[in-house]
Amino acid sequence: MKKCGPLFFRTIMNAHKSDAYTISPELPAMFDGVKLAAVATVLYIIVRCLNLKSPTAPPDLTYQDTALNRFLLKSCSQLTKEYIPPLLWGKSGHLQTALYGKLGRVSSPNPSGIRKYLPMQDGATATFDLFEPLGDHRTGDDITMVICPGIGNHSEKQYIRTFVDYAQKDGYRCAVLNHLGALPNIELTSPRMFTYGCTWEFAAMVGYIKRTYPQTQLIVVGFSLGGNIVCKFLGENRTNQERVLCCVSVCQGYSALRAQETFLQWDQFRRFYNFLMADNMKKIILSHRHSLFGGNSVKMIDTDLSRLYTATSLMQIDDNIMRKFHGHSSLKEYYEKESCVHFIHNVHVPLLLVNAADDPLVHDSLLTIPRTLAAKKPNVIFALTLHGGHLGFFEGAVLFPQPLTWMDKVIVGYANTICQWEKQKPPCQSGHMSPSFRC
């Protein structure tokens, strides 16, 4: 056997170097491929989460073919035009909802109002803020918007301030209910706070407006929980609809009993939203601990307070605390009697119901209620947008939303059209209008 000389080893080393030279250029290419795949994956997730491929479209409308509805759709362009949310994030119902919840609105104004205090029969004190119009209404009439905010909200919330300022500039007087216990600087005067469907405080505010301004006509507006309250109020008694021109409800769920099952599901992170809302309700209740659980309270006991601390859902708080304010024997009874689904069919004034298909708080199954109602009653229009989230409805070009939202514009646009209809009083067309639906 021949020995391996230096020449052999040099040949072997050169061969290894040659292999290294041929292999090393492939490593960066492989790493670039991995980076490209990672970027593609991230972009895919972003596109899916932000629903960037989702189209924009006008609201999906359910209504009967009546003279008023044809006039409304012709004159109120927001109901028939394409709703275009901000390009980069506006097609995500979660981001629309989160931005509303954290920011409220951008560049929100600060309208000047007067706070009114109304004593109630049970010792409670209802409060609302009154904002006078900043100009004449286009019809020359005296019109007041009576507004009921969402859960735990009041007149100082930015989305309410933005809407009120916009309505004032269009010639509307605005009265905004402050939910009982919602204002941090107003103490409760009885062991009771607002609930899901109690209409007492809203009725007191409407009564005050009617007495103080005997010539005024009313536009009723409700947001989320407030939508449930105003529809229930109008349907509870026909006299509540006197001097009411129309009603607009935005982003309500219509039936708390049916909603409670969906609110415990993780679909669309609904259970997480439930937890956050329950945490906020805890803070409101605990801020009035002395009034609700102190020596003057006969409805609340220490056991209720301990259960409140451990509650992780609105249903637990409603069962242990809220239903007891009105003496309901069970959570089911509380939800059945406080939901507007049992009263809304008694509303005969023009009624606009607005929801968003991507609202993470309102399950799609609940939308059969307004859709069925609008198909049966000539005074109802149900408008369902593809995007908007819960009380978001932001508009904007790419990234930054505009101060006014589609929601603000559609409410005032609908109200203006109703006022114009009332002023013109076009004749009814036989066979198209319900006898109970006035022209």
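Keep in mind it's a predicted model, so treat the numbers as computed, not measured.
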Under the salt bridge (Lys or Arg N to Asp or Glu O under 4.0 Å) rule, what pairs show up with a residue in [range], not counting sequence neighbours?
range: residues 252-280; answer: D267-R270, D279-K283
range: residues 193-221; answer: R192-E201
range: residues 145-167; answer: R115-E156, D165-K169
range: residues 401-414; answer: E395-K409

Under the ring-ring contact (aromatic ring centres under 6.0 Å, His included) rule, collect the residues that match up with Y335, sequence neighbours excluded.
none
Which residues pass the ring-ring contact (aromatic ring centres under 6.0 Å, His included) test with F269, sequence neighbours left out?
H94
Can you name the residues that form a side-chain contact (heavy atoms from CB on, under 4.5 Å) with [X], not counting sequence neighbours?
X: K332; answer: L257, S330, E336
X: S287; answer: none
X: L399; answer: L88, W89
X: T139; answer: H137, D141, C419, K423

Can you name the residues that form a salt bridge (charged side-chain N to carboxylate O under 4.0 Å, His left out) with D364, not counting sequence neighbours?
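Here no residue qualifies.
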Going by atom type alone, with no hydrogens or angles, which donor-acceptor pairs under 3.5 Å involve a side-chain atom of residues 350-357 and a protein atom two or more places apart or on another chain?
from, atom 1, to, atom 2, distance (Å)
N355, OD1, Y254, OH, 2.7
N355, ND2, Q252, O, 3.1

Would you kindly check if the NZ (Lys) or CZ (Arg) of R105 is within the cone defined by 45 degrees around the ring axis of F394 and under 6.0 Å from the six-membered ring centre?
yes
Sub-3.5 Å donor-acceptor pair from the side chain of R307 to the main-chain atoms of Q316, do we have one?
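Here the side-chain-to-backbone pair does not exist.
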Under a 4.0 Å threshold between the charged nitrogen and the carboxylate oxygen, would D129 count as salt-bridged to K116?
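No salt bridge links K116 with D129.
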Could you tell me the separation between the CD atom of Q78 and the CD1 atom of I411, rounded to the nearest 0.5 Å?
11.0 Å
